[in-house]
Every structure is written in structure tokens, then in C-alpha cells.
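Right, one structure below, let's go through it.
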2 protein chains.
Amino acid sequence: MTKHFGEYIKQLRNEGGFTLTQLGAKLDLDSANLSKIENGKRDFDEKRLLQLASVFNLDLDRLKTEFFSDFIAKKLYQNECSTDALIVAEEKVKYLKQINVKQEKLNFTKNND
Amino acid sequence: MTKHFGEYIKQLRNEGGFTLTQLGAKLDLDSANLSKIENGKRDFDEKRLLQLASVFNLDLDRLKTEFFSDFIAKKLYQNECSTDALIVAEEKVKYLKQINVKQEKLNFTKNND
DNA sequence: ACTATATTTGTCAAATACTGACAAGTCTAA
DNA sequence: TTAGACTTGTCAGTATTTGACAAATATAGT
């Protein structure tokens with residue numbers, strides 16, 4: 001388990017035997033900034049997840065899970081929020097998906113009047 | 001269940017019989033902007049959670065749970081991220097807390113050399 | 001229909017946060 | 001001690017968020 005996503009990247013990088021400069025190049029990222037990310041002083045930008053996955057041949061969905069779980073844990077921890085929020089969040093995601101399905105059905109009907 | 005936190009505020013406001021202007025005043029918030037929040041067109045600012053809790057006499061921890069669960073659900077939904085992230089996040093929160101405890105112990109020892 | 005109030009929507013400048021870039025520092029191994 | 005790796009600090013440019021206000025629309029009472 002890593003303290004933050006940057007630490008996870010560092011692990012990957014070390015396992016892969018890359019330098020900061022090498023990995024930075026693959027991610028379009030200054031090595032200095034990558035260093036900060038690895039040390040938790042900057043956040044890794046969501047938009048580079050796909051690149052990261054492809055550099056290390058990772059499954060994007062798993063990587064997302066890693067990234068967002070980190071993001072969420074940090075948020076809850078920093079705000080001293082109960083992990084009950086996670087349970088509630090799960091229900092809400094279901095609810096949002098369900099609404100979306102309903103909306104699609106409505107649009108379908110509408111477009112076929 | 002509400003689609004977003006703003007909708008939840010709207011419920012509270014209606015139950016309390018306030019107008020947007022009235023509630024806005026209590027929250028230091030322009031009524032127009034509060035309207036946008038209620039309709040999901042702006043985000044409610046975290047820093048006003050305490051005020052919100054006090055206006056409606058709500059338990060702050062419960063309100064935080066509501067707020068952050070919404071925040072998290074939105075994040076996962078928008079990024080099409082698996083809810084597995086929630087399980088992982090729970091472990092991570094535990095881990096972060098545990099690290100913090102260890103750190104405190106270290107500091108304690110240090111300060112008492 | 002008219003008026004007053006409530007709500008919604010659009011816009012904009014100011015404040016804030018984020019990002020890329022680079023310089024300068026420390027660390028490490030040959 | 002020198003080269004490459006890594007860390008840290010800083011800063012201007014960019015993007016995002018926020019507060020504020022005007023104007024449009026909606027709603028309810030008369």
C-alpha cells in the first residue's frame with residue numbers, strides 16, 4: 001500500500017528501471033515536476049492516466065481504481081470525514097447510473113415520435 | 001436520494017421555508033449563485049459546510065458524509081471509474097490514519113529525548 | 001392583466017489554484 | 001571531483017472558481 005499515487009508511480013518507475021527524466025519524457029512531464037509528484041508535493045494529472053497505463057502496460061481500469069481510491073482517501077482523511085461516506089457514495093453512483101439509463105430511454109422515445 | 005448536494009440544500013431550504021435570498025444571506029452567498037448550486041450548475045463550497053449545518057441544526061459529521069459522498073460519487077461516475085475504488089479507498093484511509101499514529105509516537109519520543 | 005417577489009440564467013472581473021519551465025541545490029556512485 | 005540523478009524553490013502563464021450584478025423568466029396575490 002502506498003501513501004499516495006506518486007509513491008505508486010515511483011514504485012513502477014523503479015521496477016521498470018527508468019530515471020525521472022526518462023519517465024518524464026514518456027509522460028510529457030518535466031523531471032523536476034515528476035519528482036514532486038512522486039514525493040507527494042504535486043498531484044498527478046488525471047489526463048495522463050492513459051499515458052501512464054500504456055508506458056507500464058497496465059490495465060487502465062485498474063490504474064483508475066488506484067488513482068481515484070487515492071484521491072478519495074486523501075479527501076476523506078484531510079477533511080476528517082467518516083468512511084460512511086463511501087457506503088453512501090456507492091449507492092449514489094448506482095442512483096446516478098440508473099437516472100442516466102432512464103434519461104436515455106426518454107431521449108429514445110423523444111427522438112422516435 | 002438526491003442527484004447532487006445542491007438538490008439536498010434545496011430540500012432543506014424548502015422544508016425550512018426560506019427563500020434563496022434568505023438562505024443566501026445566512027450563508028454569505030448571492031441568491032443567484034445559490035440557485036445555481038441548487039440546480040447543480042455550481043458546486044457548494046466545502047468551507048460553508050459548518051454554516052450550513054448551523055443554519056439547519058444538522059450534525060456536522062452527517063452533513064460532511066452527505067457532502068463528500070456526493071462529491072465522490074460524482075467523481076467516480078464522471079470518470080467511469082469502478083466502485084472498487086471505494087473499497088480500496090477505505091483501506092487507504094485506515095492506512096493513512098495508522099501512519100499518522102506512528103508519526104505522532106515518533107514525534108513524542110523525539111520531543112522527550 | 002398588473003405588481004411584487006422568487007427564481008433562473010448569463011456574464012464578467014477578481015481571486016485562486018494549477019501547470020510548465022527553469023535555475024540551483026543536494027545526493028550518489030564511478 | 002565529476003556526471004548524472006534527484007530534490008527544491010520560484011515564477012509567469014493558464015485555467016478554474018468565485019462573487020457580483022443585470023436581466024430574463026416564473027409564480028402568486030390582487
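Order of the sequence lines sets the chain letters (A, B, ...), proteins ahead of strands, with each chain counted from 1.
Contact check of residues 44-55 of chain B against DNA chain C (heavy atom, cut-off under 4.0 Å) returns no residues at all.
Toward the 5′ end of DNA chain C lies the nearest nucleotide of Q22(B), the other residue of the pair A32(B) and Q22(B) mapping further downstream. Positionally, the nearest nucleotide of DNA chain C for N33(B) lies more toward the 5' end than for the other of D43(A) and N33(B).
A salt bridge does not link K10(B) to E15(B): none of the charged side-chain nitrogens sits closer than 4.0 Å to a carboxylate oxygen.
Across dG20(C), dT8(C), dC22(C), the shortest atom-to-atom separation from the side chain of K10(B) is found for dT8(C). Side chain of R42(B), nearest nucleotide from dG20(C), dC12(C), dA23(C): dC12(C).
Rounded to a whole Å, the CG atom of N39(B) is 13 Å from the C1' atom of dA6(C). In this structure, the NZ atom of K41(A) is 13 Å from the C1' atom of dG25(C), given to the nearest Å. Atom CG in L23(B) sits roughly 13 Å away from atom P in dT8(C) (whole-Å rounding). To the nearest angstrom, C1' of dA6(C) lies 13 Å from CG of D30(B).
Here the options are L52(A), V55(A), N14(A), the test is side chain to side chain contact (heavy atoms under 4.5 Å, CB included), and the partner is I9(A); only L52(A) passes.
A distance-only check finds no donor-acceptor pair linking the side chain of E90(B) to the backbone of I87(B) [under 3.5 Å]. A donor-acceptor pair under 3.5 Å links the side-chain atoms of K64(A) to the main chain of N79(B), judged by distance alone.
Taking 4.0 angstrom as the limit, S35(B) places a side-chain polar atom (N or O) nearer than this to OP1 or OP2 of dT8(C).
Every ring-ring contact (aromatic ring centres under 6.0 Å, His included) that F18(B) has, sequence neighbours left out, goes to F56(B).
On the nucleic acid side, DNA chain D has its first and last nucleotide under 4.0 Å of a heavy atom of chain A at dA5(D) to dT10(D), going 5' to 3'.
Under a cut-off of 6.0 angstrom, the local environment of CD in E80(A) is sparse, with at most 12 non-hydrogen atoms contributed by other residues, nucleotides or ligands.
Under the 4.5 Å side-chain heavy-atom criterion for ILVMFWY residues, no single connected hydrophobic cluster contains both L96(A) and F5(B).
The base of dG10(C) is paired with the side chain of K36(B) by a donor and an acceptor separated by under 3.5 Å.
Geometrically, K97(A) does not engage Y77(B) in a cation-pi contact defined by less than 6.0 Å to the ring centre and at most 45° from the axis. A cation-pi arrangement is present between K75(A) and F71(B), with the terminal nitrogen or guanidinium carbon under 6.0 Å from the aromatic centre and inside a 45° cone about the axis.
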